[in-house]
Amino acid sequence: MLWSKTLETGIPKIDEQHQELFRQADFLLDRSKADKVEATLKFLKDYVAKHFFDEEAFHRASQYPKAEPHKQLHVEFSGGLKKQLEEYFKATNKSASILTINSMVTGWLRDHIMRHDKEFATYYIQKQQR
Ligand SMILES: [Fe+2]
């Protein structure tokens, strides 16, 4: 499992969704679920959109000053993911494409959580305590 405690933001809803994203990205590599790859990709794409929507709702509700640049990062990632999924459907080497998608999602998530979601969570939790 690629999730670790160090990725926790302290906002339960966001942490649960992050864990689900890692879980879904993991499914892609599970050979016993090979017949479900396309369904998993679709779920992943929809779940990413749902997760960003929910996270941005947290930003708005707490008047997060960095909401706009943070949202831009979500938009860029969604665009990149969409491109990778299109590549998958065109690819002759599907397993290489799956590996690319898995490392793109998990790599981006880890970096994004550590640098941006945690920064927001610190702001959010402090604001709740005021
Ligand atoms: Fe985020």
Side-chain angles (χ1 to χ4, degrees):
M1 185 63 181
L2 295 150
W3 172 262
S4 73
K5 266 252 172 212
T6 56
L7 291 168
E8 227 165 64
T9 65
I11 304 173
K13 184 173 178 178
I14 290 179
D15 287 334
E16 279 157 29
Q17 292 184 349
H18 286 159
Q19 287 183 56
E20 182 63 20
L21 286 167
F22 279 104
R23 221 176 351 250
Q24 293 296 324
D26 256 10
F27 277 161
L28 292 173
L29 304 182
D30 187 339
R31 285 183 176 275
S32 69
K33 299 193 174 76
D35 57 328
K36 297 192 183 76
V37 163
E38 289 188 14
T40 305
L41 289 174
K42 186 175 180 327
F43 182 89
L44 195 57
K45 181 171 158 275
D46 293 345
Y47 198 83
V48 161
K50 176 200 160 42
H51 169 61
F52 288 166
F53 181 87
D54 288 348
E55 217 180 76
E56 287 157 17
F58 271 97
H59 295 172
R60 278 192 303 276
S62 61
Q63 288 105 37
Y64 184 43
K66 293 185 177 174
E68 206 35 57
H70 193 135
K71 187 182 174 158
Q72 273 317 306
L73 299 171
H74 290 170
V75 170
E76 277 165 35
F77 175 75
S78 303
L81 181 62
K82 188 171 173 268
K83 235 187 224 146
Q84 280 306 323
L85 295 188
E86 286 164 8
E87 288 300 319
Y88 169 83
F89 286 101
K90 281 188 280 178
T92 41
N93 189 345
K94 300 280 191 209
S95 37
S97 178
I98 286 170
L99 280 178
T100 305
I101 294 169
N102 169 274
S103 61
M104 180 200 175
V105 171
T106 56
W108 184 88
L109 259 180
R110 250 186 249 119
D111 180 70
H112 180 80
I113 292 170
M114 294 307 284
R115 290 166 62 188
H116 302 286
D117 292 341
K118 281 198 172 200
E119 186 184 3
F120 165 68
T122 304
Y123 164 86
Y124 180 80
I125 291 163
Q126 273 174 8
K127 196 161 177 164
Q128 299 301 97
Q129 286 164 349
R130 250 180 260 149

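When a ligand or atom number is given, it counts from 1 through the structure's own listing order.
- The aromatic rings of H70 and H112 sit perpendicular, their planes meeting at an angle over 60°, well past the 30° parallel limit.
- A side-chain hydrogen bond (donor to acceptor under 3.5 Å, both in side chains) check over residues 94-110, counting only residues at least two apart or in different chains, returns the pairs N93-S95.
- Atom OE1 is the N, O or S atom of E55 at the shortest distance from the Fe ion (ligand 1).
- Rounded to the nearest 10 degrees, the angle NE2 (H74) to the Fe ion (ligand 1) to NE2 (H112) equals 90°.
- The aromatic rings of F58 and F120 sit perpendicular to each other, their planes meeting at more than 60°, with 30° as the lower class boundary.
- Considering just the N/O/S atoms of D117, the one nearest the Fe ion (ligand 1) carries the name OD1.
- Side-chain atoms of K82 do not come within 3.5 Å of backbone N or O of K45 as any donor-acceptor pair.
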